[in-house]
There are 2 protein chains.
Amino acid sequence: MADIKPSTPSLFLREEELRKGTELLYFAYRDFIAEPDDALRKYGFGRAHHRVLHFVARRPGLSVADLLDLLSITKQSLSRVLGTLVGQGYVRQEKGTRDRRQRLLYLTEKGSALEAELAAIQRRRMARAYREAGADAVAGFWRVLAGLIDESRREEIERFVNEA
Amino acid sequence: MADIKPSTPSLFLREEELRKGTELLYFAYRDFIAEPDDALRKYGFGRAHHRVLHFVARRPGLSVADLLDLLSITKQSLSRVLGTLVGQGYVRQEKGTRDRRQRLLYLTEKGSALEAELAAIQRRRMARAYREAGADAVAGFWRVLAGLIDESRREEIERFVNEA
DNA sequence: GGTTTTATGTCAGCCATATTGACTTATTTA
DNA sequence: TAAATAAGTCAATATGGCTGACATAAAACC
């Protein structure tokens with residue numbers, strides 16, 4: 001076992017570079033999420049509520065099943081969060097016209113306002129990072145992040161994030 | 001309020017670009033963390049244990065206070081996790097020689113083995129993303145991530161991730 | 001038209017990870 | 001010697017996941 005060192009395939013694939021990416025991803029994600037978390041606490045909500053608000057804002061009229069698929073959680077986990085948001089008038093549910101079993105999700109005005117508040121917080125931080133890093137860096141940021149996504153869902157997710 | 005649109009300062013700072021970064025960060029982080037989470041479940045551990053193993057591996061002999069600072073959690077939260085790791089022989093605590101109040105943390109052989117297993121999983125995924133994206137993209141990835149970190153801790157974190 | 005599948009919801013219980021607050025012990029520093 | 005610091009502990013609470021079992025309504029199948 002001794003003396004066998006892994007060959008160094010190329011400069012940016014060395015262990016240190018990979019570790020650096022892992023650590024930066026951890027620290028960046030943590031700080032990025034912390035600010036909206038604080039804002040959410042004022043409403044008695046958590047980040048799970050934020051995710052629902054975000055995706056409903058992004059895809060008004062999406063079904064519960066589609067939301068579950070995006071979030072990759074169980075319906076039981078979603079139910080409490082979604083129930084609260086509906087109960088407190090942030091999200092509205094409408095029966096599907098094509099398939100009346102579906103409950104299509106929409107933000108109310110109140111929901112839109114909260115979502116906008118949270119989105120503004122994240123846009124501010126993301127904009128600062130983009131501005132400091134520059135347009136080329138941003139393109140690289142996207143490319144690497146996309147590469148971290150599970151191969152099986154990669155195309156679907158890329159289509160989603162690129163859609164208007 | 002009507003008709004006032006935010007001026008578009010530059011192409012890569014438009015709302016859509018900022019949203020795209022936010023969403024990719026969410027999806028990428030989620031998938032990146034899922035694989036080690038699975039491996040950890042075999043040992044009855046969670047990602048909190050992983051973080052401890054990672055940072056102790058990175059800074060053998062770091063103090064509990066330093067670890068708390070890196071993790072940004074309370075000592076009560078750390079205590080259970082660290083207690084388990086110490087109790088099951090993954091982490092070893094040694095009294096500091098300079099300051100004997102300190103409990104300096106080290107991985108045991110068992111701890112090193114587990115940490116290496118987890119690190120290999122993450123390296124594999126990060127390497128795939130780096131390879132597909134290319135070296136320039138990786139540099140951009142780092143720059144944007146660094147920009148997302150709280151300004152107050154930014155320098156400290158950058159120093160940390162860049163240190164050998 | 002009857003059966004099966006699907007979309008959604010709900011109840012109950014469990015687990016992991018975080019929090020706050022109060023208090024203890026050992027050791028260092030002033 | 002008194003005060004501050006490093007670490008640990010007890011107790012209570014919140015959040016966000018999970019599994020399993022079951023219910024209802026509507027659509028799809030044959």
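In what follows, every chain begins at residue 1, and chains take the letters A, B, ... in the order their sequences are listed. Since the model is a prediction, treat every value here as computed from it, not as a measurement.
In this structure, the side chains of A:Arg47 and A:Ile33 come closer than 4.5 Å at one or more pairs of heavy atoms.
Straight-line distance from the CZ atom of A:Arg47 to the P atom of D:dG17: 9 Å, rounded to whole Å. Rounding to whole angstrom units, CG of residue A:Leu71 and P of D:dG16 are separated by 12 Å. Computed from coordinates, the B:Arg30 CZ to D:dG16 P distance equals 16 Å when rounded to whole Å. For the pair B:Leu85 CG and D:dG8 P, the interatomic distance rounds to 13 Å; values are reported in whole Å. Regarding A:Ile73, its CD1 atom lies at a distance of 14 Å from the C1' atom of D:dT19, rounded to whole Å. Between the CG atom of A:Asp37 and the P atom of D:dA14 there is a distance of 17 Å, rounded to whole Å. Put simply, CZ on B:Arg98 is 13 Å from C1' on D:dT5, counting in whole angstrom units. When the C1' atom of D:dT15 is taken as reference, atom CD1 of A:Ile33 falls 14 Å away, rounded to whole Å.
A donor-acceptor distance shorter than 3.5 angstrom exists from the side chain of A:Arg154 to the backbone of A:Ala146, with no hydrogens or angles considered. With hydrogens and angles ignored, the 3.5 Å screen pairs no side-chain donor or acceptor of B:Arg51 with any backbone N or O of B:Leu70.
As judged by a 4.0 angstrom heavy-atom cut-off over every strand, A:Thr84 is placed among residues making no nucleic acid contact. At the heavy-atom level, A:His49 lies under 4.0 Å from the strands shown only through sugar-phosphate atoms.
The side chain of B:Asp99 lies closest to C:dT28, out of C:dT28, D:dA7, C:dT8.
For the pair B:Arg100 and A:Lys75, nearest-nucleotide mapping onto DNA chain C gives the more 5' position to A:Lys75. Annotation: of the two residues near DNA chain D, B:Leu82 and A:Phe45, the 5′-most nearest-nucleotide partner is B:Leu82. Comparing A:Ser72 and A:Lys95, the nucleotide of DNA chain D nearest to each residue sits closer to the 5' end for A:Ser72.
Side-chain contact of B:Glu23 with A:His54: a donor-acceptor pair under 3.5 Å is present, judged by distance alone. A:Arg30 and B:Ser72 form a side-chain donor-acceptor contact under 3.5 Å, judged by distance and modelled atom types alone.
Contact annotation: A:Ser77 side-chain N/O to D:dC18 OP1/OP2 distance is under 4.0 Å. Taking only side-chain nitrogens and oxygens, A:Gln102 never comes nearer than 4.0 Å to OP1 or OP2 of D:dA25. Note on A:Arg41: every side-chain N or O is 4.0 Å or more away from OP1 and OP2 of C:dA18. The phosphate of C:dA18 (OP1 or OP2) has a side-chain N or O of B:Arg51 nearer than 4.0 angstrom. Within the structure, a side-chain polar atom (N or O) of B:Thr74 is placed less than 4.0 Å from OP1 or OP2 of C:dT19.
Between the base of D:dG20 and the side chain of A:Gln76 there is a donor-acceptor pair shorter than 3.5 Å. With hydrogens and angles ignored, no donor-acceptor pair closer than 3.5 Å exists between the side chain of A:Arg101 and the base of C:dT8. If you check distances only, the side chain of A:Arg80 does reach the base of D:dG17 with a donor-acceptor pair under 3.5 Å.
No close placement of the A:Phe32 and B:Tyr26 rings is indicated, their centers lying 6.0 Å or farther apart.
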